[in-house]
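One structure is given below, encoded as structure tokens.
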Amino acid sequence: MRIIRLDGSPESVATLVTAVAVALQGGPAVLPLGPAAPARIPTPGSANHPTQDRSAGRTTGRAHRTAAVQTAHGVPDAPPVCTAGLLVATSGSTGDPRLVVLPPAALRASAGATAARLGGPGRWLLALPADHVAGLQVVVRALLAGAPAAVQDLRDGFRPEGFATATAGLGPGRRYTSLVPTQLLRLLDAGGAPLDALCSYDGVLVGGAALDAGLRVRAEAAGARVVATYGMTETAGGCVYDGVPLDGVQVRIDGDGRIVIGGPTLAAGYLDDPAATAAVFVDGEFRTGDLGRLVNGRLEVLGRADDAIVTGGEKVAPAAVERVLAAQPGVRAVCVVGLPDPEWGAVVGAALVVDDEPEPDRLRSAVRTALGRAAVPRVLHTVDALPLRGIGKPDRAAVARLLAGPRIPRTG
């Protein structure tokens, strides 16, 4: 197995691309790691684990500025390793991070279904960290389309001007990219060359976090061809586009209201963790931690099952409240969480990024009308920006801490 350290530079991504191309042909599995990843990556349930070869590169100090590639020894002989194309660390947003085993067949199925849905192969721009599954899939799709992805330099973070410069190097033909909502918002705010670059794409996949309806309307009004994606590392990235499963992907809702996914894009399981694998990979399906419903054949994601707020004995889905608030004029972004309350058990709280100071009564009235009294936020708090984790997921724990600060007074 090859561990590749990435620092956000095009040079480190080029090293990854070479390794992934070999892995897709049945070569050694590849484990990409970002600069913040630990130097030693343990595998659950075993004293053996892949370690960095010190002669290949160190990850302390300034050494992460260059890519370090090494062969890992002592990896457990778990069956999934033999068929792995990529090993990808989960974000850890729902527990301890795990290494997900993605076989070449799953990666190829996902890339092929994406090309079919978007209208055919094209050139790809990588504007996401390549140690996350969304960024890795850009690398895979580009390789299988016949040309390595163009790469935006992310060592200093995402910059709209850098996106425009990288886009200019794509050349003629169909072009695609993948973004998180925060990046999409920054490109829209930047205008000029970055916005022109965004609108030049035949498809802009947006995932990693829920895409607010208001942000989508704004992007499409500007001319961007946006596709909202749903998926996770265990499904080789996005497998449902605009609510419709990709070809070959099956989606159903189980008796607990959870989204269950089947089809050829599924991972083989978690590296050296048979108990965790057996808990969610059952009979060829993956039982997600998300609640959802099917409306006229389209999937509507209601949020994480463990994020549900029980207030006064009634269950509230934060994602549903977020959709209503995000659709209100002047609201640019929102995150809803449950806050402990001695009387109700929990109350609904919302952190909002707004253009102007909102009218609390108007916001609460909109939620009450759409979802009922239990879903109305008791706490509203404006912030300059939502705290994020990973490649763009709201950090709900940090939001809960923010809501302990100055608040918009409750009225009515």
ask   = Side chains of Val316 and Val310: does their closest heavy-atom pair fall under 4.5 Å?
value = no

task = Without swapping roles, check the side chain of Asp256 against the backbone of Arg258 for a donor-acceptor pair under 3.5 Å.
result = no

request  = Mark yes or no for whether Asp212, through its side chain, and Gly214, through its backbone, hold a donor-acceptor pair below 3.5 Å.
outcome  = no

task = Look up atom OH in Tyr230 and atom CG in Asp290, then write down how far apart they are to the nearest 0.5 Å.
result = 3.5 Å

query = Is any side-chain heavy atom of Val260 closer than 4.5 Å to a side-chain heavy atom of Val282?
reply = no

ask   = CG of Leu102 to CG of Leu87: how many Å apart, nearest 0.5 Å?
value = 8.0 Å

ask   = In terms of ring plane angle, is the pair Tyr270 and Phe281 parallel, tilted or perpendicular, where the classes change at 30° and 60°?
value = perpendicular

Flag side-chain contact, heavy atom, 4.5 Å: Leu403 against Val337 = yes

task = Any chance you could measure Thr177, atom OG1, to Gln152, atom CD, to the nearest 0.5 Å?
result = 8.5 Å

request  = Mark yes or no for whether Arg373, through its side chain, and Thr369, through its backbone, hold a donor-acceptor pair below 3.5 Å.
outcome  = no

request  = Give a yes or no on this: more than 12 heavy atoms of other residues, nucleotides or ligands lie within 6.0 Å of atom CG of Asp355.
outcome  = yes

remark   = With Ile259 as partner, the option from Leu291, Val301, Leu294, Val240 fulfilling side chain to side chain contact (heavy atoms under 4.5 Å, CB included) is Val301

ask   = Between Thr167 (side chain) and Ala197 (backbone), is there a donor-acceptor pair under 3.5 Å?
value = no

request  = Can you see which heavy atom on Ala166 is nearest to which on Ala150, and at what distance?
outcome  = O-CB, 4.4 Å

request  = State, without any angle test, whether Tyr176 and Thr114 hold a side-chain donor-acceptor pair at a distance under 3.5 Å.
outcome  = no

message = Using the rule given for side chain to side chain contact (heavy atoms under 4.5 Å, CB included), can you reason through Val133 versus Met232, listing the C-alpha separation, both sets of side-chain angles and the distance that settles it, and then say yes or no?
response = CA-CA 8 Å; Val133 71; Met232 56 281 300; over 6 Å; no

query = Ignoring hydrogens and geometry, is there a side-chain-to-backbone donor-acceptor pair from Arg332 to Val354 under 3.5 Å?
reply = no

query = Side chains of Lys315 and Ile309: does their closest heavy-atom pair fall under 4.5 Å?
reply = no

Ser12-Arg5 side chain donor-acceptor pair, cut-off 3.5 Å = no

request  = Report yes or no: does Thr229 contribute a side-chain atom to a donor-acceptor pair with the main-chain N or O of Tyr241 at less than 3.5 Å?
outcome  = no

Heavy-atom side-chain contact between Arg225 and Val204 under 4.5 Å = no

request  = Work out which heavy atom in Ala23 is nearest to a heavy atom in Gly85; give both atom names and the distance.
outcome  = CB-O, 3.4 Å

inquiry  = Using every non-hydrogen atom in the two residues, find where Ala127 and Gln183 come nearest and quote the distance to one decimal.
reply    = O-NE2, 2.9 Å

Backbone N/O of Val227 and side chain of Asp242: donor-acceptor pair under 3.5 Å = no

task = Begin from the C-alpha positions of Gln328 and Val331 and carry the test side chain to side chain contact (heavy atoms under 4.5 Å, CB included) through to its verdict.
result = CA-CA 6 Å; Gln328 304 311 304; Val331 176; 4.1 Å; yes

query = After noting the C-alpha distance and the side-chain angles of Arg186 and Glu161, does the key distance pass the salt bridge (Lys or Arg N to Asp or Glu O under 4.0 Å) rule?
reply = CA-CA 10 Å; Arg186 292 184 64 185; Glu161 297 76 13; over 6 Å; no

ask   = Counting N and O atoms only, with roles assigned by atom type, does the side chain of His381 sit under 3.5 Å from a partner on the main chain of Leu352, one being a donor and the other an acceptor?
value = no

request  = Mark yes or no for whether Arg175, through its side chain, and Trp124, through its backbone, hold a donor-acceptor pair below 3.5 Å.
outcome  = no

message = Is there a side-chain contact between Leu31 and Val88 in this structure, where contact means two heavy atoms from C-beta onward sitting under 4.5 Å apart?
response = no

request  = Applying side chain to side chain contact (heavy atoms under 4.5 Å, CB included), run through Leu195 and Cys199 and close with a yes or a no.
outcome  = CA-CA 6 Å; Leu195 180 56; Cys199 295; 4.0 Å; yes

Rounded distance [0.5 Å steps], CG in Leu299 versus CD1 in Ile253 = 5.5 Å

request  = For the residue pair Gln137 and Ser110, confirm or rule out a side-chain donor-acceptor distance under 3.5 Å.
outcome  = yes

request  = Can you see which heavy atom on Ala19 is nearest to which on Ile4, and at what distance?
outcome  = CB-CD1, 3.3 Å

note = Closest non-hydrogen atoms of Arg174 and Gly120, given as atom of the first, atom of the second and distance, are NE-O, 4.3 Å

ask   = Does the pair Glu234 and Arg287 meet the rule for a salt bridge (Lys or Arg N to Asp or Glu O under 4.0 Å), with working shown?
value = CA-CA 10 Å; Glu234 291 88 343; Arg287 186 173 186 261; over 6 Å; no

request  = Would you check if the side chain of Arg252 reaches a backbone N or O of Gly262 as a donor-acceptor pair within less than 3.5 Å?
outcome  = no

ask   = With a 4.5 Å heavy-atom cut-off, do Asp202 and Arg123 have their side chains touching?
value = no

inquiry  = With heavy-atom distances below 4.5 Å as the criterion, would you say the side chains of Arg378 and Arg364 are in contact?
reply    = no

request  = With rounding to the nearest 0.5 Å, note down the distance linking CE in Met1 to CG in Leu99.
outcome  = 7.5 Å

task = For Leu16 and Ala130, work out which heavy atoms get closest and say how close.
result = CD2-CB, 3.6 Å

message = Against Val180, only a single residue in Leu205, Leu128, Leu388, Leu185 fulfils side chain to side chain contact (heavy atoms under 4.5 Å, CB included); can you say which?
response = Leu128

request  = Please test Ile261 against Gln250 for side chain to side chain contact (heavy atoms under 4.5 Å, CB included), starting from the C-alpha separation and ending with a verdict.
outcome  = CA-CA 6 Å; Ile261 298 174; Gln250 300 93 42; over 6 Å; no

key: Approximate separation, where rounding is to 0.5 Å, of Glu322 CD and Asp307 CG   = 8.5 Å

